[in-house]
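Below: one structure, written as structure tokens.
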Amino acid sequence: MAGNSEPLSPRAKLAVTAGKAAAAVSRVAGKGSGSVIGGKVALRFDPELLARLARHLDVVLVSATNGKTTTTRLLAEALRANGPVVSNALGANMPAGITSALAGGSDARYGVIEVDEKYLAGVARDVTPKAIALLNLSRDQLDRAAETRMLAEKWREGLAGSEAIIIANADDPLIVWAASSSPTVVWVAAGQSWKDDAWSCPSCGGVLQRPDDDWYCGECGFRRPTPTWALSGDHVVDPYGVAWPIHLQLPGRANKSNAAVSTAAAAAFGVDPKVALERMYKVQAVAGRYDVVTWQQRELRLLLAKNPAGWLETFSLIDGPPTPVILSVNARGADGTDTSWLWDVDYTRLAGHPIMVLGDRKLDLAVRLEVAGLEFRVCQGLEEAVRTAPPGRIEAIANYTAFQDLRRKVGN
């Protein structure tokens with residue numbers, strides 16, 4: 001039971017100690033936080049360590065293509081109203097990183113864990129979560145991840161019969177398909193801006209019909225479930241019809257959607273919606289995302305966009321023209337090495353913005369922008385981009401490793 005932590009076995013203690021030592025060496029060597037290498041070393045000593053570390057926790061898992069890091073952060077803040085929380089707040093979301101995070105939570109009551117989509121079913125088997133929040137599925141890292149419908153099928157198989165409460169986005173057909181195998185599902189009308197990966201029925205392959213905010217398959221009858229929670233403008237509506245105002249310091253509709261799912265998930269742990277939403281207001285940035293920094297006497301807002309759905313949401317929250325925009329794209333292992341997704345992004349939404357292009361794949365991006373008919377400047381580094389940008393706060397949008405490069409450059 002949560003809060004009744006059993007002493008770790010000598011082997012598990014050794015594994016934790018070895019993992020922390022490896023992480024410390026990694027940090028001293030300037031190789032990052034060390035959470036991943038620390039977890040890998042710990043799991044080598046004790047392959048069952050993740051399960052052992054989670055035994056005393058009430059665990060909630062959060063998974064999605066977009067928004068899982070922010071939702072994890074919001075939900076962790078909400079659950080702190082009821083007790084101490086351990087969380088992989090910096091986004092190390094595979095088993096090694098999760099193990100490292102839980103190794104530091106011996107006194108915690110709750111574990112709020114972001115999980116990479118590919119590892120959700122396996123982590124769920126290990127940690128026996130009380131709840132699982134599922135937000136969305138869309139194309140991402142095409143060289144590594146399965147096609148979205150295949151991934152939804154894997155989730156559906158892995159979560160079949162799960163005793164966890166599934167908090168799922170009723171507006172994403174792939175999420176509904178994945179969650180429907182579970183006996184206890186709380187449906188949240190959280191919205192879906194990017195629909196290009198959800199036009200065919202995941203049940204039979206037929207074409208989904210999408211009248212207004214509804215969806216259904218006319219061939220097999222698979223359809224949007226009736227939600228018990230809903231995002232409605234600037235409010236979260238609970239199962240009793242009470243509308244709770246959302247006040248966030250994080251921008252954009254996507255983060256209101258994240259807050260709606262977080263509120264429903266927190267309620268499963270007994271946290272009142274009013275308390276949950278008040279606590280979420282404290283979150284100003286998430287692992288550097290949305291931070292406004294001053295560098296080279298210019299203000300830059302740092303924004304992460306990893307895939308077509310993420311870029312679409314980001315374009316909706318940046319300041320309008322003639323605000324200067326920096327775009328930076330890499331294709332390293334953590335990003336996915338296939339950049340064909342650039343052609344799925346509607347970059348014409350940036351018309352009127354002065355655009356500076358950076359990153360390992362700046363030329364790939366430049367070709368895409370040229371085809372879109374946009375004016376832009378290819379820059380050799382952030383210094384040149386900032387120096388040549390017109391006056392005003394700069395919106396800096398980057399995919400995963402390019403975003404980390406920007407953060408290191410500006411000292412964030």
Side-chain angles (χ1 to χ4, degrees), residues 1-9 12-13 15-16 19-20 23 33 35-36 38-40 42-43 46-64 67-117 119-135 158-159 162-167 182 184 186 258 261-271 276 279-280 283 286-287:
M1 183 177 293
N4 296 329
S5 178
E6 298 179 8
L8 291 175
S9 68
K13 288 180 179 178
V16 170
K20 289 182 177 179
S33 69
S35 60
V36 174
K40 287 181 177 179
L43 288 169
D46 183 357
E48 304 298 321
L49 183 61
L50 179 54
R52 299 187 210 282
L53 292 172
R55 281 177 183 164
H56 72 286
L57 298 169
D58 275 342
V59 174
V60 54
L61 304 180
V62 180
S63 198
K68 52 186 177 288
T69 301
T70 301
T71 300
T72 298
R73 180 73 178 83
L74 294 172
L75 181 52
E77 194 59 49
L79 289 186
R80 285 191 179 97
N82 277 9
V85 171
V86 61
S87 180
N88 52 342
L90 298 179
N93 58 21
M94 298 182 192
I98 295 168
T99 300
S100 282
L102 294 190
S106 60
D107 297 326
R109 176 181 178 184
Y110 300 105
V112 183
I113 304 299
E114 171 189 341
V115 187
D116 179 88
E117 302 94 291
Y119 294 91
L120 176 62
V123 172
R125 284 194 300 271
D126 285 342
V127 305
T128 317
K130 179 176 178 178
I132 302 173
L134 306 178
L135 312 178
L159 300 178
S162 171
E163 294 182 4
I165 301 168
I166 310 297
I167 297 93
S182 301
T184 307
V186 175
N258 296 335
V261 174
S262 298
T263 305
F269 292 83
V271 180
R279 294 190 66 88
M280 289 179 209
V283 180
V286 180

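Throughout, residue positions are numbered sequentially from 1 according to the sequence presented. The figures here come from the full heavy-atom set of this structure, side chains too, leaving out hydrogens, waters and symmetry mates.
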Review point. Does Ser63 reach the side chain of Ile132, with side-chain heavy atoms less than 4.5 Å apart?
Key: no
Review point. Does Val60 reach the side chain of Ile167, with side-chain heavy atoms less than 4.5 Å apart?
Key: no
**Study point:** Minimal non-hydrogen separation, Met280 against Ala78, with atom names
**Key:** CE-CB, 4.2 Å
Review point. Do the non-hydrogen side-chain atoms of Thr128 and Val59 ever get within less than 4.5 Å of each other?
Key: no
Review point. Taking all non-hydrogen atoms of both residues, which atom of Ala81 and which atom of Val271 are closest, and how far apart?
Key: CB-CG1, 4.4 Å
Review point. Could you state the interatomic distance from OG (Ser162) to CG (Leu61), rounded to the nearest 0.5 Å?
Key: 9.0 Å
Review point. Rounded to the nearest 0.5 Å, how far apart are CG of Leu74 and OG1 of Thr69?
Key: 11.0 Å
**Study point:** Results of side-chain hydrogen bond (donor to acceptor under 3.5 Å, both in side chains) for Asp126 - residues two or more places apart only
**Key:** none
Check your understanding: Do you know the tightest heavy-atom contact between Leu53 and Thr99?
Key -> CD1-O, 3.6 Å
Study note, to complete from the structure: Between the CD1 atom in Ile166 and the CG atom in Leu159, the distance rounded to the nearest 0.5 Å is 5.0 Å
Revision key, fill the gap. When rounded to the nearest 0.5 Å, the distance separating CD of Glu48 from CG of Leu43 is 9.5 Å
**Study point:** CG-OG1 distance between Asn258 and Thr72, expressed to the nearest 0.5 angstrom
**Key:** 9.5 Å
Study note, to complete from the structure: Nearest heavy-atom approach of Ile98 to Glu114 is CD1-O, 3.8 Å
Exercise for review: Locate the shortest heavy-atom distance separating Val112 from Ser87; write the atom from each residue and the value.
Suggested key: O-OG, 2.7 Å
Review point. Between the main-chain N or O of Gly97 and the side-chain N or O of Asn88, is there a donor-acceptor pair closer than 3.5 Å?
Key: no
Check your understanding: So, does Thr184 use its side chain to make a donor-acceptor pair with the main chain of Ile165 at under 3.5 Å?
Key -> no
**Study point:** Nearest-0.5 Å distance, CG of residue Asn82 to CZ of residue Phe269
**Key:** 10.0 Å
Review point. Quick one: are Leu102 and Ile113 in side-chain contact, heavy atoms under 4.5 Å?
Key: yes
Practice item. Can you see which heavy atom on Ala64 is nearest to which on Glu117, and at what distance? Key: O-CD, 3.1 Å
